[in-house]
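Here's the structure we're looking at; comments come further down.
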2 protein chains.
Amino acid sequence: MSLQHFSTKDRILYAAEELFAQQGFASTSLRQVTSRADVNIAAVNYHFGSKDNLVNEVFRRRMDVMSAQRLDALHRALETAPGQLEPILAAFVEPALAMAQDRHGGGAFIRVIARTYAENNDSLRKFLSDQYGHVLREFAKAIAGCVPGLGKEELYWRLDFLSGALTYAMADFGLIKRPSGVSEATHRQRAAQALIRFAAAGFQAEAH
Amino acid sequence: MSLQHFSTKDRILYAAEELFAQQGFASTSLRQVTSRADVNIAAVNYHFGSKDNLVNEVFRRRMDVMSAQRLDALHRALETAPGQLEPILAAFVEPALAMAQDRHGGGAFIRVIARTYAENNDSLRKFLSDQYGHVLREFAKAIAGCVPGLGKEELYWRLDFLSGALTYAMADFGLIKRPSGVSEATHRQRAAQALIRFAAAGFQAEAH
DNA sequence: GTCTATATGCAGATAGAC
DNA sequence: GTCTATCTGCATATAGAC
């Protein structure tokens with residue numbers, strides 16, 4: 001992505017996001033960030049105060065958007081297709097898909113999310129749980145309404161499975177390589193459809 | 001885990017595995033490793049040559065065991081329960097579960113695996129795909145035998161979803177916290193059962 | 001095999017000129 | 001807001017005594 005039209009602060013955010021996606025937080029140095037952003041090394045501390053705070057800001061910028069999109073889509077699904085499971089799952093999956101296809105660097109952010117699960121950054125996990133936990137709880141409630149026999153523990157397991165599968169698939173960690181005749185967008189759309197089908201069947205499976 | 005009965009080399013391997021699981025590869029310093037292992041800092045380079053090579057050796061030690069267990073279990077399942085999907089999925093999931101419950105530090109290794117997906121270490125990913133790719137291909141073939149109508153692309157998507165869900169759940173990344181009245185072993189066993197049910201239904205879902 | 005001591009380099013952060 | 005220069009600390013790695 002070309003950064004030349006953005007402010008110093010935004011250039012740092014974009015560059016940091018891309019490098020965090022490629023290398024993780026710990027192995028990305030601020031020197032790499034400022035070099036890619038083509039700004040001076042001292043600018044990071046001037047604009048963000050510290051590396052940790054830069055990490056938080058990279059997160060907040062995207063996560064607010066994605067959470068709002070998920071909740072919007074969920075509320076629309078509950079209104080227009082009450083009692084149906086697949087539209088609810090689509091409301092959860094598709095904003096991640098849209099982010100992954102975003103032309104303004106959102107694709108990197110999906111991989112940043114995947115990294116966050118792996119890097120055991122306690123303060124970041126607490127931040128995410130505090131700020132965005134209510135989104136997951138709303139989805140849990142909506143899904144429970146579609147699968148009435150499902151126990152609470154089982155429901156939460158299955159939400160974890162969905163999150164894991166989504167993270168893994170959207171971050172391109174898996175086996176599937178995009179065939180050369182298929183566009184990036186089409187490829188991801190198929191992945192999302194496949195995941196929604198897979199998870200819908202999984203949520204509706206009888207518990208032992 | 002108490003390391004006092006092990007050789008210097010093994011103490012380093014155990015200590016590195018635990019720290020890699022907690023913090024990732026990049027943010028774990030050799031000083032932390034040797035301090036936890038209670039050996040001298042120079043011992044790492046004496047026994048392993050470099051930090052990168054230590055990472056590889058941490059991997060190889062566990063991965064060979066887990067892959068062999070998976071294939072053994074798969075072959076037993078195909079013999080004793082031909083045509084059944086759940087025993088095949090159990091053969092995939094349960095060795096990861098067993099590793100997570102291993103008293104000799106294997107639990108840390110499951111989290112190390114999760115990290116590997118997130119850290120974009122190309123040489124490590126190539127190593128894994130070269131050394132252990134045939135295991136996944138055998139499972140794909142076995143599952144295809146149980147779900148005859150399933151297209152190849154759909155099959156591989158679903159294997160990715162299973163891997164993602166397994167990694168995520170076994171590495172304790174998700175929402176589910178172990179209730180205080182339930183033992184670690186029971187908790188993980190329930191997770192494995194829940195995942196097998198979820199994935200079996202998912203694999204058998206009709207593709208659109 | 002294990003130690004001390006050290007070489008070399010890069011990290012995050014900041015002071016202060018412009 | 002942005003720069004140069006620099007402080008301080010820890011990283012990997014190695015040389016060489018025991």
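From a predicted model like this one, the values you see are computed outputs, not experimental measurements. Here is the naming used below: chain letters follow the sequence lines, and residue numbers restart at 1 for every chain.
- Comparing the local axis fitted to the first five base pairs of the helix from dG1(C)-dC18(D) to dC18(C)-dG1(D) with the one fitted to its last five gives a bend of 0°, rounded to 10°.
- The CZ atom of Arg11(B) sits 11 Å away from the C1' atom of dT2(C) (whole-angstrom rounding).
- Under the side chain to side chain contact (heavy atoms under 4.5 Å, CB included) criterion, Ser7(B) pairs with Lys9(B), Asp10(B), not counting sequence neighbours.
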With the sugar-phosphate defined as primed atoms, P, OP1 and OP2, and the base as all remaining atoms, what B/S/- string results for nucleotides 4-18 of chain C, 5' to 3', for protein heavy atoms under 4.0 Å?
B------BBSB----

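- At dG1(C), none of the side-chain N or O atoms of Thr8(B) fall inside 4.0 Å of OP1 or OP2 (strictly under the cut-off).
- Legend: residues meeting side chain to side chain contact (heavy atoms under 4.5 Å, CB included) with Ala15(A), ordered by chain and number and at least two apart, are Leu3(A), Val33(A), Arg36(A), Ala37(A).
- When the P atom of dT14(D) is taken as reference, atom CG of Asn53(B) falls 13 Å away, rounded to whole Å.
- Residues meeting the ring-ring contact (aromatic ring centres under 6.0 Å, His included) test with Phe48(A), sequence neighbours left out: none.
- A ring-centre distance under 6.0 Å is not found for Phe109(A) and Phe20(A).
- Ring-centre distance between Phe161(A) and Phe161(B): not below the 6.0 Å cut-off.
- Thr34(B) is linked by a side chain to side chain contact (heavy atoms under 4.5 Å, CB included) to Val39(B), Ile41(B), Val44(B), counting only residues two or more places apart in sequence or in another chain.
- Note: CD1 (Ile12(A)) to P (dG1(D)) measures 11 Å, nearest angstrom.
- Of all non-hydrogen atoms in Lys51(B) and Leu30(B), the two that sit nearest each other are CG-CD2, 3.9 Å.
- Taking the ring centroids of Tyr14(B) and Phe6(B), they lie under the 6.0 Å cut-off.
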